[in-house]
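Below is one structure, written out as structure tokens, with a few remarks after it.
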Amino acid sequence: MAGVVRALRWLAWIGTTAAGLALLSQPVGTQNQLAMSLAAMAAMAGLWLVFDGPRTRFVFLAMGSLVVLRYILWRVTDTLPSPGDPVSFGFGLLLLLCELYCVFILFVSLVINAEPLRRPPPAAAPAADLPSVDVFVPSYNEDAEILAMTLAAARQMNYPPEKLTVWLLDDGGTDQKCADPNPEKAQGAQARRRELQALCEQLGARYLTRARNEHAKAGNLNNGLAAATGDLVLVLDADHVPFRSLLAETVGYFAEDPRLFLVQTPHAFLNPDPIERNLRTFERMPSENEMFYAVTQAGLDKWNGSFFCGSAALLRRAALDEAGGFAGITITEDCETAFELHSRGWTSAYVDKPLIAGLQPDTLADFVGQRSRWCQGMFQILILKNPALQRGLKPIQKLAYLSSMTFWFFPVPRLVFMFAPLLHIFFDLKIFVASVDESIAYTATYIVINLMMQNYVYGKFRWPFVSELYEYVQGLYLSKAIVSVIWSPRKPTFNVTNKGATLDHDHLSALSLPFFAVYGLLLTGCLVAAWRYLFEPGVTNLMLVVGLWNLFNLLTAGAALGVCAERRQIERTPSLPVSRRGQLTLGGRAVDVAIERVSAEACTVRMPAAFLAPGAGHRPVPGTLTVVPMAGSRPAGALPVVLGPVTRAGADAVCRLAFGTLRTQDYVALAGLMYGDAEAMRRFQLRRRRHKDLFTGTLQFIWWGLAEPVRALRYAFAGEVRRPVPVEAPAPVYDEPAREVATGFVPEAAKEPAKESAKEPAPLQPVDLPLAPPIRPTIPIRTQAHAQAHAQAHAPTSAQTQAPAEAEADGDWVRLMLDFENDRALAAARGRRTDAA
């Protein structure tokens, strides 16, 4: 009976689809087409504004899809140039194929993301029933400070210490590197090995290297598998620091499904990528990766298609053993491994909660290099292991993998759309045969409805036209990567992405020249189009339409020039807004403080101004900071701090505390402070996820396109302008083992039932220290709205803390527009604070 019902359901779908396509193919006049499209827009807007909900989501997307299909039928049947003009026909066909590719990606994404899966938390298990876990931290050239933080946080995860083993898999100290023919390189590798062995000894981790650097990251992970014996493997990039609750939030899923091979969590980042930093959007716009992790991965999870992303993921050892370990044929071992295990019948799960905090590439060159590796790796899988031909995958899984791989073809259509108008402007090639009325009735309405659909699905995670900007910035260089991997699929090699670059001055990126050349070409195209339309006899209104298309491309290229104009870093080490409590000791006196922001070098605290002597902050004063541990975690030692600048705010004093020379146990305490509460990262992300409508999003994009070329030209003519940067943090000092404070597991019986991070902080409790009686704050602990408002107002990465010299150079008129969203958000937060008070 069930088979008959399924067959009838498929027949109903096929019949409905055939009837819909037959209706769409009926010819209608241009005016009727315009009326139909406008009616669809109005209906979609009404559903969005009045009846928005889960059920109307499918109606909204279906109505938009009908308009898109109608446009495609018109494009295929009525707009191609005559084959008698082979040049125009060839370019017109190329443009049509690029549009068909975009429509394919649109419809596949709508299918995949139609109903993203939100998984409930797993059931908690007694400590005795928990599986053993090996934590793999593969490393190649990362500094000891970065590794110390990651290892210290991994050792503090809330998990039975006897079932948790942390491994540093060092590919920078292999036998091959230690025996390098270059004596200088060999000595560097040997010194690195000794230093990291000492670091692991102090933190209670295990150091492991291998004989030769073979098969890149996959080979390094497989070498770890050969030494480890745990039931599960947690993979963390060297700069991906885990929050304390990572294992508690993920391990339970493996008990629910014996065929589960993967639990993937999002990659969340403390620092902006080059586009976010140079356009100053990190504090107010969702990061590029959030759309993938918050929507696409959850959508893939619905169809058992979420895949391994290289870090922040738990994998079942038995599944890896069955597949022969981590796959290493391509340079994207993560997706390839998931691809192999899905085809063997294993299942995956995605947990949409940020449980790690990592670092993104700082420079445009490093950003493009990282994306080139991803692009080439996905194309390698597509060519060498075509999902459409892979046995064991369900049809929807094949479609999911094809969508993830063919997405990386975007540089080709993006560049075609960028340069296509110039063919008509400069050479009178008619690659798109349509009148102005038809262009409005079909093309303009299609573009608007396409934008409405994307904004409806992704509006909280991606501002309008930001995808086009990211694609163009990458497209100029990824096109070469695509050609190289298609020409020789096995040739690409794994390159480690550089992180933590120091940007101490404003400058143009080394990759900026092609962007200036394209901008100049498009600007010339706009001038020529305007001249021809206004003064050349016989030029039709089609030149106006094409000129507007080219103008949009010019705005995109202008915003990209702003990305090439790399701003100096305000913070040497990225920080995270937190809501923690502690006790500060200065000169033998102690005071309870609220910790509001923390980085690897310093933290910002709020305390009663009466505690500080007059003139405090003008000279450094040493002291210690003891952090009140999270509920259920063990206390760590005090952090050495130096009192820095002080800002008075009524009865409060907001102070910057720089950390002194960090010993091993100090990294344990610092990791507990910065990564003890995963809700801190989630709050930061949610604060940025405000829906950006099409109107204000378009205005913002236009402003970037107009203002950013001015800044880029100023950088070009000014040359390198160096400015002071924060003092570098001192190198770590290793001392006696700190294993007694390195683990963070507390038995279930010792845990408090309520989670501190989910509620308003309780009043500060005294810490048992041999100090003078603490001075209590005279201000109440703030609500979440208070903390968010203050964090946004004092965030060192925001545009409000830009150096005065740069603000003066940009001009008040530029600064006013670029800070508009920040000011509005801050005003809203202050309004909430007033209401709460």
Side-chain angles (χ1 to χ4, degrees), residues 9-10 12-25 36-37 40-41 43-44 47-48 54 56-77 79 95-117 291-292 294-306 378 382 386-388 393-414 416-417 442-459 461-462 464-465 467-468 471:
R9 185 178 302 166
W10 275 107
W13 274 107
I14 293 172
T16 304
T17 303
L21 292 176
L23 180 62
L24 288 172
S25 63
M36 290 169 54
S37 298
M41 282 187 207
M44 292 168 66
L47 289 173
W48 194 345
T56 58
R57 178 186 180 95
F58 294 98
V59 178
F60 181 95
L61 297 177
M63 294 185 68
S65 299
L66 292 176
V67 176
V68 172
L69 288 173
R70 178 71 187 172
Y71 167 77
I72 289 300
L73 288 172
W74 172 73
R75 276 287 282 127
V76 171
T77 58
T79 63
L95 179 62
L96 175 61
L97 291 176
C98 290
E99 288 190 69
L100 291 175
Y101 161 82
C102 293
V103 172
F104 166 76
I105 293 296
L106 172 65
F107 281 134
V108 169
S109 67
L110 292 179
V111 171
I112 297 298
N113 302 323
E115 193 176 5
L117 181 61
M291 188 174 82
F292 171 72
V295 181
T296 302
Q297 276 280 47
L300 291 170
D301 195 24
K302 171 76 173 180
W303 313 108
N304 188 26
S306 59
M378 290 303 232
L382 180 63
N386 193 328
L393 292 179
K394 297 179 180 178
I396 190 65
Q397 289 178 306
K398 294 182 178 182
L399 184 65
Y401 273 106
L402 281 172
S403 70
S404 299
M405 295 170 189
T406 56
F407 162 80
W408 288 98
F409 196 68
F410 71 80
V412 175
R414 181 56 51 203
V416 169
F417 297 151
Y442 286 92
T443 307
T445 55
Y446 155 72
I447 291 173
V448 172
I449 284 181
N450 193 347
L451 290 172
M452 290 177 66
M453 294 171 68
Q454 293 188 47
N455 194 251
Y456 181 81
V457 177
Y458 306 116
F461 308 97
R462 183 66 54 85
F465 304 111
S467 290
E468 284 75 7
E471 290 179 3

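Taking each heavy atom of Leu393 and Pro387 in turn, the nearest pair found is CD1-O, 4.2 Å. Among all heavy-atom pairs drawn from Ser37 and Ile449, the shortest one is O-CD1, 4.0 Å. Smallest separation of non-hydrogen atoms from Gly299 and Asn113: CA-OD1, 3.9 Å. For the residue pair Ser403 and Ile105, the shortest heavy atom distance occurs at O-CD1, 4.5 Å. Nearest heavy atoms, Arg57 versus Pro116: NH2-CD, 4.3 Å. When all heavy atoms of Asn304 and Gln397 are compared, the pair lying nearest together is O-NE2, 2.8 Å.
With a 4.5 Å cut-off on side-chain heavy atoms, Asn455 and Trp48 count as touching. Annotation: side chain of Tyr442 is in contact with side chain of Arg70 (closest heavy-atom distance under 4.5 Å). Here the side chains of Val103 and Tyr71 are not in contact, with every heavy-atom distance at 4.5 Å or above. Side-chain contact check for Asn386 versus Leu402: some heavy-atom pair is nearer than 4.5 Å. Residues Val67 and Met44 have side chains not in contact (no heavy-atom distance under 4.5 Å, counting atoms from C-beta outward). With contacts defined as side-chain heavy-atom distances shorter than 4.5 Å, the pair Ser467/Tyr458 does not qualify. Here the side chains of Phe461 and Phe292 are not in contact, with every heavy-atom distance at 4.5 Å or above.
For the atom pair Asn450 CG and Thr443 OG1, the distance stands at 12.0 Å (nearest 0.5 Å). Interatomic distance, CE of Met452 versus CG of Leu61, reported as 11.0 Å (0.5 Å rounding). In this structure, CG in Leu100 is found 9.5 Å from CG in Leu95, a value given to the nearest 0.5 Å. Note that CG of Leu399 is 9.5 Å distant from OG of Ser404, once rounded to the nearest 0.5 Å. Rounding to the nearest 0.5 Å places CE of Met291 at 8.0 Å from CD of Gln454.
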Under the criterion side-chain contact (heavy atoms from CB on, under 4.5 Å), I'd like the reasoning laid out for Val416 against Tyr101: C-alpha separation, chi angles, the key distance, then a yes or no. CA-CA 12 Å; Val416 169; Tyr101 161 82; over 6 Å; no
Between Ser65 and Met453, does the side-chain contact (heavy atoms from CB on, under 4.5 Å) criterion hold? Intermediate values first, please. CA-CA 9 Å; Ser65 299; Met453 294 171 68; 3.8 Å; yes
Does the side-chain contact (heavy atoms from CB on, under 4.5 Å) test come out yes or no for Leu451 and Phe465, once each step is laid out? CA-CA 9 Å; Leu451 290 172; Phe465 304 111; 3.9 Å; yes
Kindly determine whether Gln297 and Asp301 satisfy side-chain hydrogen bond (donor to acceptor under 3.5 Å, both in side chains), including the steps that lead there. CA-CA 6 Å; Gln297 276 280 47; Asp301 195 24; over 6 Å; no
Determine whether Trp408 and Leu382 satisfy the following criterion, side-chain contact (heavy atoms from CB on, under 4.5 Å), listing intermediate values before the conclusion. CA-CA 11 Å; Trp408 288 98; Leu382 180 63; over 6 Å; no
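Classified by interplanar angle (parallel below 30°, tilted 30° to 60°, perpendicular above 60°), the ring pair Phe60/Tyr456 is parallel.
Heavy-atom neighbours of Phe407 CZ from other residues, nucleotides or ligands within 6.0 Å: above the threshold of 12.
The residue from Thr77, Thr79, Leu73 that alone fulfils the side chain to side chain contact (heavy atoms under 4.5 Å, CB included) condition with Arg75 is Thr79.
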